[in-house]
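What follows is a short report on a single structure.
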There are 4 protein chains.
Amino acid sequence: MTSETDDLNAIVRGARAEFREKQIVDAAVSLMQTKGSHAVSMQAIAKSAGVSVGLLYKYFSDREQIVLAAITRVLDDFRLRVPAAIQNADDPVDRIIAAFTEFCRVVDEHRLAVVLTYQSSRSLSRSGLQSIQSQELATLQPLIDVVDEAAARGDLREVDAGTLGHDLMTLAHMWALKHWYFQQTGVGLDRYIDRQVRTVIVGNLSDGARRRVGLD
Amino acid sequence: MTSETDDLNAIVRGARAEFREKQIVDAAVSLMQTKGSHAVSMQAIAKSAGVSVGLLYKYFSDREQIVLAAITRVLDDFRLRVPAAIQNADDPVDRIIAAFTEFCRVVDEHRLAVVLTYQSSRSLSRSGLQSIQSQELATLQPLIDVVDEAAARGDLREVDAGTLGHDLMTLAHMWALKHWYFQQTGVGLDRYIDRQVRTVIVGNLSDGARRRVGLD
Amino acid sequence: MTSETDDLNAIVRGARAEFREKQIVDAAVSLMQTKGSHAVSMQAIAKSAGVSVGLLYKYFSDREQIVLAAITRVLDDFRLRVPAAIQNADDPVDRIIAAFTEFCRVVDEHRLAVVLTYQSSRSLSRSGLQSIQSQELATLQPLIDVVDEAAARGDLREVDAGTLGHDLMTLAHMWALKHWYFQQTGVGLDRYIDRQVRTVIVGNLSDGARRRVGLD
Amino acid sequence: MTSETDDLNAIVRGARAEFREKQIVDAAVSLMQTKGSHAVSMQAIAKSAGVSVGLLYKYFSDREQIVLAAITRVLDDFRLRVPAAIQNADDPVDRIIAAFTEFCRVVDEHRLAVVLTYQSSRSLSRSGLQSIQSQELATLQPLIDVVDEAAARGDLREVDAGTLGHDLMTLAHMWALKHWYFQQTGVGLDRYIDRQVRTVIVGNLSDGARRRVGLD
DNA sequence: AATGAATGAGAGTTCATTCAT
DNA sequence: TATGAATGAACTCTCATTCAT
C-alpha cells in the first residue's frame with residue numbers, strides 16, 4: 001500500500017470518527033434532554049444513535065466521556081458566538097447588550113443541555129468537573145470584559161464588573177433552568193431578554209450612558 | 001381499652017411517625033448532599049438512619065417520596081424565614097434587602113440541598129415535579145411582594161416586579177449552584193450579598209430612595 | 001422485643017448465613033469443577049444454587065470471594081484429616097505413609113477443586129493469592145513434620161525433609177492434575193499410592209527402617 | 001506468470017506465514033505469561049504483535065488455536081532439548097540426571113507457559129486438550145526410556161519406570177507451578193535440581209550404581 | 001412497628017468474531 | 001494480504017422493592 005493511500009485512509013478514518021462521535025453525542029444529548037443524564041443507559045444511547053454498544057466504547061472510554069462531550073459541545077458554542085456578537089456592536093453599552101442577548105440565544109438553542117450541565121456536576125469525576133468548570137469560566141470572560149470596557153468608558157455606575165458579568169451569565173442560564181416558569185408566565189425569549197436588560201443593565205448605567213442609549 | 005388510651009396511643013403513634021420521618025429524611029439529606037441524589041441507595045439511607053430498609057417503605061411509598069421530602073424541607077425553611085425577616089424591617093427598600101439577605105442565608109445553610117433541587121428536576125415524576133415547582137413559587141412570592149410594595153411607594157425605577165423578584169431568587173440560588181466559583185474567587189457570603197445588593201437592587205432604586213438608604 | 005428473642009434471631013441468622021454460604025459454595029464448586037473457574041458466571045452459580053444473583057453478593061463481596069471459599073474448603077479438609085491420620089499410626093515410617101495416603105485420599109475426593117487451586121492462581125488478587133498460599137503451607141507442614149520425625153529417629157537416608165515433604169504433597173496433587181494420565185494408563189488410587197510409596201518413600205529409608213517395615 | 005514464479009511466490013508466502021504465526025504466538029505468550037490466558041484479549045494480542053485483529057483470524061481459526069500454539073511451542077522445546085541432553089551423557093545414571101536437569105531448565109525458561117498449560121486444561125475444547133495431552137506424553141517418553149534403560153542395566157532398585165519417569169516430570173513442572181514457594185524459601189534452580197536428584201534419583205539407585213556415581 | 005433476607009431487572013463494560021474495504 | 005470498524009451477547013455488580021417473620 002502506498003503512503004498516498006495511507007494518507008487517504010487516515011483522512012477517511014478521521015472523517016468517520018468525527019461523524020461517529022457527532023452521531024453518538026447527538027443521540028446522547030437528545031435522550032438526556034428528555035430524561036435527565038442518569039436515566040439514559042448506554043444501551044439506549046447506542047440504540048438511538050443506530051450503533052452497537054460496543055462502538056460507543058470505541059469512541060468514548062466510558063459513560064462520563066459522552067456526558068462531557070455533550071456539555072462541551074454547548075460550551076464551545078458560547079465561546080464561538082458570544083465574542084462574534086460582541087464584535088458586531090460598537091457602542092460599549094450595546095456591546096454588553098449584544099453579548100447578553102447572544103448568550104441567551106445560545107442558551108435557548110441548547111436549553112436542555114444547559115440544564116444537563118447543572119445536573120451533572122455531582123456525578124462527574126473530579127477531573128471531568130474541573131474541565132467543564134474551566135470551560136465555563138472561558139464563556140464568562142467575554143461578558144466580564146465587555147462590562148469592564150464600558151466601566152472604563154464611564155458608562156456604568158460604580159459596579160463590580162465580575163459580579164455584573166457573572167449575573168448576566170447566571171440570568172441567561174436561568175432561562176433554561178427555570179424555563180417551566182417563564183412558559184407558565186407566558187414570557188418568550190425576546191421579552192425575557194428585554195426585561196433582563198432593563199433590570200440589570202440599564203439600572204447600572206451612568207446617567208450619561210442611559211440618556212445616550214435611550215432605553216429608559 | 002378506653003377511648004382515652006386510644007387517643008393517647010394515636011398521639012404517641014403520630015409522634016413516633018413524625019420522629020421516624022425526620023430521622024429518615026435527615027439521613028437522606030446528609031447522604032445526598034455529599035454524593036448527589038442518584039448515588040444514594042435505599043440501603044444506604046436505611047443504614048445511615050439506623051433503621052431497616054423495610055421501614056423506609058412504611059413511611060415513604062417509594063424512593064421519590066424521600067427525595068421530595070428532602071427538598072420540601074429546604075423549601076419550608078424559605079417559606080418560614082424569609083417572611084419573618086421581612087417583618088423585621090420597616091423601610092420598603094430595607095425590606096427588599098432583608099428578604100434577599102435572608103434568602104441567601106437559607107440557601108447557604110442548605111447549599112447542597114438547593115443544588116439537589118436543580119439536579120433532581122429531570123428525574124422526578126410529573127406530579128413530584130409540579131409539587132416542588134409550586135412550593136418554589138411560594139418561596140418566590142415574598143420577594144415579588146416586597147418589590148411590588150417598594151415600587152408602589154415610588155422607591156424603584158420603572159422596573160418589572162416579577163423580573164426583579166425572580167432575579168433576586170435566582171442570584172440567591174446561584175450562591176449554591178456556583179459555589180465553586182465564589183470559593184475560587186475568594187468571595188464570602190456577606191460580600192456576595194453586598195455586591196448583589198449594589199448590583200441589582202441599588203441600581204434599580206429611584207433617586208429619592210437611593211439618597212435615603214445611602215448605600216451608593 | 002426481648003433480648004432473648006434477639007439472641008434467638010441472631011442464632012437463626014447465623015445458621016441461615018452458614019447454610020446459604022455452603023449452598024452457594026457447593027454450587028460454585030460443582031460448576032467450576034466441570035467447566036473451570038472462568039467459565040462459570042455469577043448467573044450460573046445463582047441458578048445452580050437456587051438463589052438470586054443479588055443474594056450471592058449479600059454473602060460474598062465479589063466473585064473472587066466465592067472462588068476463594070471454594071478453595072479454602074478443600075484446604076480445610078487437608079488440615080483436619082491429614083493430622084488425624086498421622087495420629088492413628090505409631091511407627092515413624094508408617095506415619096509418613098499414613099500422612100501421604102490420607103493426603104492422596106483428600107485430593108481424590110476433591111480432585112477437581114485441587115485443579116481449581118492451580119488454575120486460579122493467576123486470576124486471584126494479590127491478597128487472595130497470599131491467603132491460599134499460606135493455607136497451603138499449613139497443609140504442607142504435617143508432611144514435613146512427619147518426615148523430620150523419622151529422620152530424627154534415623155529411619156531415613158540423609159535427605160532434606162523440606163524437599164521430601166514437598167515432593168509428597170506435589171505427587172498427591174498430581175493425582176488430581178494428571179488424572180487423565182492415570183485413567184489412561186489404568187492406574188487406580190490405591191495402586192498410585194502404593195507406587196509412590198515405593199518410589200519416593202521406601203527409596204529414602206535407611207537400611208534398618210527398610211528391613212523393619214518390610215515393604216521392599 | 002511462469003510456474004517458476006509461482007513456486008517462488010509459494011515459498012515467500014510460506015515464509016511470511018511462518019513469520020506471522022511466530023510474531024502472533026510470541027505476543028500471545030508474553031501477554032499470557034504476565035496476566036494469565038483468560039485476561040488476554042484478541043485485541044491485546046493484535047496490538048502487542050503489531051498486526052490487526054483481522055489478521056489473527058487469517059492465521060488462527062479462533063482464540064483457542066493461539067493458546068494451543070503457545071503451549072505447543074514450549075512442548076516442542078522439551079521434545080528437542082531433553083533427548084539432546086540425554087545423548088551427551090554416557091552412563092545410564094548420568095543420563096537420567098541429565099534428562100531431569102535439562103527438563104528443569106526448559107521449565108525454568110518457560111516457567112509461566114508451563115503454568116499456562118495447567119491453567120488452560122479446563123477451558124480447552126476436547127480436541128485441543130487431547131492434542132496437548134499427546135504432546136505432553138511425548139515429552140514424558142524420554143524420561144521413561146532413560147529410566148528403563150538404567151533399570152535394564154541393573155542400576156536401579158526394583159522400581160516402576162513409568163512412575164519414576166512421571167515423578168521426574170512432575171517435579172520439574174512443580175518448579176514452575178510452585179515457584180512462589182521456592183522463591184520464598186530461597187531455593188534456586190540449581191539447588192532445586194540437586195535436591196530432587198538426591199531425593200528421587202539417588203534413593204532409587206542400586207547399591208552398585210550408588211557407589212559408582214558417588215553422589216551419596 | 002420493625003426487620004432484613006431475598007429478588008431480578010438493568011446498569012456499565014468487555015471481547016471474540018465478522019466483514020467491507 | 002491486511003485492516004480495523006462494527007457487532008452484540010455475556011459478563012460482574014447494584015439497588016429499588018417485596019414479604020415472611
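Just the heavy atoms: all of them, side chains too, but no hydrogens, waters or symmetry mates, feed the values below. Since we're looking at a predicted model, the values are computed, not measured. Within every chain, numbering begins at 1; the chains are lettered A, B, ... in the order of the sequence lines, protein sequences first and strands thereafter.
Put simply, B:Tyr59 has a side-chain N or O that comes within less than 4.0 Å of OP1 or OP2 on E:dA2. Contact annotation: B:Ser52 does not reach the phosphate of E:dG4 (side-chain N/O to OP1 or OP2, under 4.0 Å). Within the 4.0 Å cut-off from OP1 or OP2 of F:dA6, at least one side-chain nitrogen or oxygen of A:Arg20 is found.
Checked by atom type and distance alone, the side chain of A:Thr34 pairs as donor or acceptor with a backbone atom of A:Ser30 at under 3.5 Å.
Nearest-nucleotide assignment on DNA chain E puts the 5′-proximal partner with A:Gln43, out of A:Gln43 and D:Gly54.
In this structure, C:Leu55 atom CG and F:dA16 atom C1' are separated by 16 Å, rounded to whole Å. Atom pair C:Arg63:CZ and F:dC11:P shows a separation of 10 Å (rounding to whole Å applied).
Within the nucleic acid shown, B:Phe60 has no heavy atom closer than 4.0 Å to any nucleic acid atom. Contact annotation for A:Met42: base contact, defined as any heavy-atom pair under 4.0 Å involving a base atom.
You'll find the side chain of B:Arg63 reaches within 4.5 Å of the side chain of B:Val40, heavy atoms only.
Side chains of A:Ser125 and A:Glu64: a donor-acceptor N/O pair is present below 3.5 angstrom, by distance only. Between the side chains of D:Gln119 and D:Ser37, not a single donor N or O lies within less than 3.5 Å of an accepting N or O.
Ring geometry for B:His38 versus A:His38: interplanar angle under 30°, hence parallel rather than tilted (30 to 60°).
Using a 4.0 Å cut-off between a side-chain N of Lys or Arg and a carboxylate O of Asp or Glu, C:Arg73 and C:Asp26 qualify as a salt bridge.
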Just to be sure I follow the notation: if a pair is Watson-Crick (purine N1 to pyrimidine N3 plus N6-O4 or O6-N4) or a G-U wobble (N1-O2 and O6-N3), each under 3.5 Å, what dot-bracket string does DNA chain E give, with | for pairs to another strand? .||||||||||||||||||||
